[in-house]
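These notes concern the structure reproduced below.
FYI, side chains are in, hydrogens and waters are out, and symmetry mates aren't considered; it's all heavy atoms of this structure. Per chain, numbering begins at 1; letters A, B, ... match sequence-line order. Remember, predicted model here, so these are calculated numbers, not experimental data.
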Amino acid sequence: MKIYNTLTRTKEEFVPLTPGEVRMYVCGVTVYDLCHIGHARSAIAFDVIRRYLHYKGYRVTFVRNFTDVDDKIIRRAAEEGVGALQMSDRYIREFREDMAALGVLPAHVEPKATEHIAEMIALIERLVAGGFAYAVDGDVYFEIRRFPAYGRLSRKNLEELLAGARVEVDERKRDPRDFALWKAAKPGEPAWPSPWGAGRPGWHIECSAMSMHYLGESFDIHGGGEDLIFPHHECEIAQSEAGTGKPFVRYWIHNGFVNLGAEKMSKSLGNVLAIREVVKRHAPDALRLWMLGTHYRNPIEWSEERAQEAARALERFRPLIADADRLAPGVIGSRDAALDAPSDATALRSRFEAAMDDDFNTAEALAALFDLARVVHAYRNAVAHGDDSARAAFLGGASELFALLRVLGLFEVATTHPVLLPELRGHIEKLVAERDAARKSRDWTRADQLRTQLKELGVTVEDTPSGSVWTWRGV
RNA sequence: GGCGGCGUAGCCAAGUGGCCAAGGCGGAGGUCUGCAAAACCUCUAUUCAGCGGUUCGAAUCCGCUCGCCGCCUCCA
């Protein structure tokens, strides 16, 4: 399996530190507002990576943090007249709600910065003791010059960084490029006691402290949006490696942006589309399929039309569930229903795996699954036309297909449809039976009338040689 | 200014040296069907922004030109 490593800008063979085990950390969100579809992309990209590693048989430990103390949180909380922690708690709940709606699995550990202040202080003390950091008036800064590898991840030239620095120069710093590890408290701000006085952590230190706390001083994968490469991840490497003297992370993975129109979506530009809004109009699987159609490192442009296309594409898979379920209830969902897939299906599974092994190429992997769907549909047609020998191939192929779709987080629930009330179900079944009777007596007018009536209830009726099949997709 | 990315069919999007350039959406024709829906089959890029070069061979490597975008500041 190959992974594109931002550190080397090449695809590298993936070799975890401990055989059979993967430890990964992904930078989560700063909780001061609702999440937008850019956050959704990052979450889904790493959700798929994590699922695929699990599928490959690795024991995965996945950590995703919450930044719950920060300038923006403090400012927003002050504006709304609520406590900072109260505000961050609220948006953590909102985040979890959004992730659940998107079918993104929870991380194994979801640490909050405010609950790991002690680990941060300990790390900062190590840095000060090692001569990598210095305290000024209750602030503590990391001294960039003491860490020559600074700039390696983002390929920044330190001299140019200095020349191009647009930040206002803080005279107390030894070097304008030095960054804050600890910030002295201003009146009214959340603060914790520390050897340098009351204050709060700088942004970067939390991820170093929490990732090493849960995953060890060296671990396998660290991810996030590509905007985090500099300065965030650059600073994390500096702090962590200066503190421990050990390599911090083996593989750095960064996802591309979601653009709105031609422009990057960002809160500071004010052009954001909340996940909350999007899931009102589009099925989670449609959004996921849309995103996975583009490689995770490439930019992707949001549009309603793209999402609708994805929803139509999804319909190539869906009818197979209902049919497989009718022939052999439970086959699709259950793991122990080990059916032998026909050889054309297993060949496509190999193609799926080869694509995913190549830096998680979900676009290519999906192509294999659409091809697999075509194969399974052909078996389905054969069964529908009375060829009983195709039955096993159909069921085996279908269970293979949906097992692989689930690796991408699609069709998680085997029979995804809204809850159908028993009374409505009874009513529908009565109409379908009535229509069947009309068809038997060749009363086509009546049959078509009933089809129209059913359609108004959200029911699609398909006539097959083995009888009429109906599906309900809500009204 | 520095660093990086992108430009592939009507639209979206894989492919980064060599079988006919994946797949999806859309479109055209056909099979099946009482009608229909779904599905299946066939077709829909002699060509990969443009121009030069390297090579037996390039969408893929190199150079130049044009166009678009990101990072360098909080940001997934």
Check this for me, if you would: do [X] and [Y] make a salt bridge, where the nitrogen-to-carboxylate-oxygen distance has to be below 4.0 angstrom?
X	Y	result
A:E304	A:R281	yes
A:R90	A:E94	yes
A:D71	A:R75	no

Contact class for [X] (heavy atom, under 4.0 Å): base, sugar-phosphate, or nothing?
X	result
A:R41	nothing
A:G28	sugar-phosphate
A:Q308	nothing
A:G293	sugar-phosphate

Identify the pairs formed between an N or O of the protein and an N or O of nucleotides 36-38 of chain B at a distance under 3.5 Å, and give each distance.
residue	atom	partner	partner atom	Å
B:A36	N6	A:D463	O	3.1
B:A36	N1	A:D463	N	3.0
B:A36	N3	A:R451	NH1	3.4
B:A36	N3	A:R451	NH2	3.0

> Going by atom types alone, do A:S154 and A:E234 pair a side-chain donor with an acceptor below 3.5 Å?
Replying inline: yes
>> Pairing donors with acceptors under 3.5 angstrom, does anything connect the side chains of A:E12 and A:T8?
In response: yes
>> I'd like to know whether A:D448 forms a salt bridge (Lys or Arg N to Asp or Glu O under 4.0 Å) with A:R439, so could you lay out the CA-CA distance, the side-chain angles of the two residues, the decisive distance to 0.1 Å, and finally the verdict.
In response: CA-CA 9 Å; A:D448 289 346; A:R439 290 184 71 231; over 6 Å; no
In [range], which ones come under 4.0 Å of RNA chain B, going by heavy atoms?
range	answer
residues 87-101 of chain A	none
residues 347-366 of chain A	A:R351, A:N361, A:A363, A:E364
residues 437-447 of chain A	A:R439, A:W444

>> Quick check on A:R442: does its CZ atom have over 12 non-hydrogen neighbours (other residues, nucleotides or ligands) under 6.0 Å away?
In response: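 No, not enclosed.
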> Donor-acceptor pair under 3.5 Å: do we get one between A:D448's side chain and the base of B:G34?
Replying inline: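 Side chain to base: pair found, below 3.5 Å.
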>> I need the CG-C1' distance between A:L34 and B:A76, as an integer number of Å.
In response: 15 Å
> Between A:G224 and A:H295, which has a closest nucleotide on RNA chain B that is more 5'?
Replying inline: A:H295
Looking at residues at least two apart in the chain, or sitting in another chain, which of them share a side-chain contact (heavy atoms from CB on, under 4.5 Å) with [X]?
X	value
A:A382	A:D387, A:A390
A:R306	A:W290, A:S303, A:E309
A:A341	A:A345, A:T346, A:E400
A:A191	A:A185, A:A198

> Of all the nucleotides listed (B:G24, B:A76, B:C11), which has the minimum atom distance to the side chain of A:R374?
Replying inline: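 Per side-chain heavy atoms of A:R374, the pick is B:G24.
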> Counting side-chain heavy atoms from CB outward, which of B:A13, B:A76, B:U73 is closest to A:H36?
Replying inline: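 In terms of side-chain proximity for A:H36, the closest of B:A13, B:A76, B:U73 is B:A76.
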> Excluding sequence neighbours, so at least two apart, what forms side-chain hydrogen bond (donor to acceptor under 3.5 Å, both in side chains) with A:D70?
Replying inline: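 Partners of A:D70 by the side-chain hydrogen bond (donor to acceptor under 3.5 Å, both in side chains) criterion come out as none, since no residue qualifies.
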In whole Å, what separates the [atom1] atom of [N] from that of [M]?
N	M	atom1	value
B:G53	B:G4	C1'	25 Å
B:C20	B:A38	P	35 Å
B:C68	B:U73	P	24 Å
B:A21	B:G63	P	28 Å

> Phosphate oxygens OP1/OP2 of B:G26: is one of them under 4.0 Å from a side-chain N or O of A:R312?
Replying inline: yes
> Considering only heavy atoms from C-beta outward, does the side chain of A:Y150 approach that of A:R177 to under 4.5 Å?
Replying inline: no
> Does any pair with a residue in residues 97-108 of chain A pass salt bridge (charged side-chain N to carboxylate O under 4.0 Å, His left out), and if so which ones, sequence neighbours excluded?
Replying inline: A:E97-A:R276, A:D98-A:R276
> Can the ring centres of A:H282 and A:W302 be said to be less than 6.0 Å apart?
Replying inline: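 Distance test on ring centres: under 6.0 Å, yes.
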>> Taking the ring centre of each residue, are A:H233 and A:H254 less than 6.0 Å apart?
In response: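 Yes, the ring of A:H233 comes within the 6.0 Å limit of the ring of A:H254, centre to centre.
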> Should A:Y141 and A:D139 be marked as a side chain to side chain donor-acceptor pair (under 3.5 Å) after you check the CA-CA gap, both sets of side-chain angles, and the distance that decides it?
Replying inline: CA-CA 7 Å; A:Y141 294 98; A:D139 287 349; 3.0 Å; yes
>> Working note: A:D178 + A:K173, criterion salt bridge (Lys or Arg N to Asp or Glu O under 4.0 Å); need CA distance, chi angles, decisive distance, verdict.
In response: CA-CA 7 Å; A:D178 291 348; A:K173 289 195 212 174; over 6 Å; no
Please list, for nucleotides 4-9 of chain B, all pairs of protein and nucleotide N/O atoms separated by less than 3.5 Å.
none

>> Wobble G-U and Watson-Crick pairs count when both distances are under 3.5 Å; given that, what is the 5' to 3' dot-bracket string of RNA chain B, with | for pairing to other strands?
In response: ((((((((.[[[..)..(....]]]((((((.......))))))....[[[[[..)....]]]]])))))))....
>> Evaluate A:R425 against A:E429 for salt bridge (Lys or Arg N to Asp or Glu O under 4.0 Å), listing each step before the verdict.
In response: CA-CA 6 Å; A:R425 171 180 289 276; A:E429 279 168 351; 3.8 Å; yes
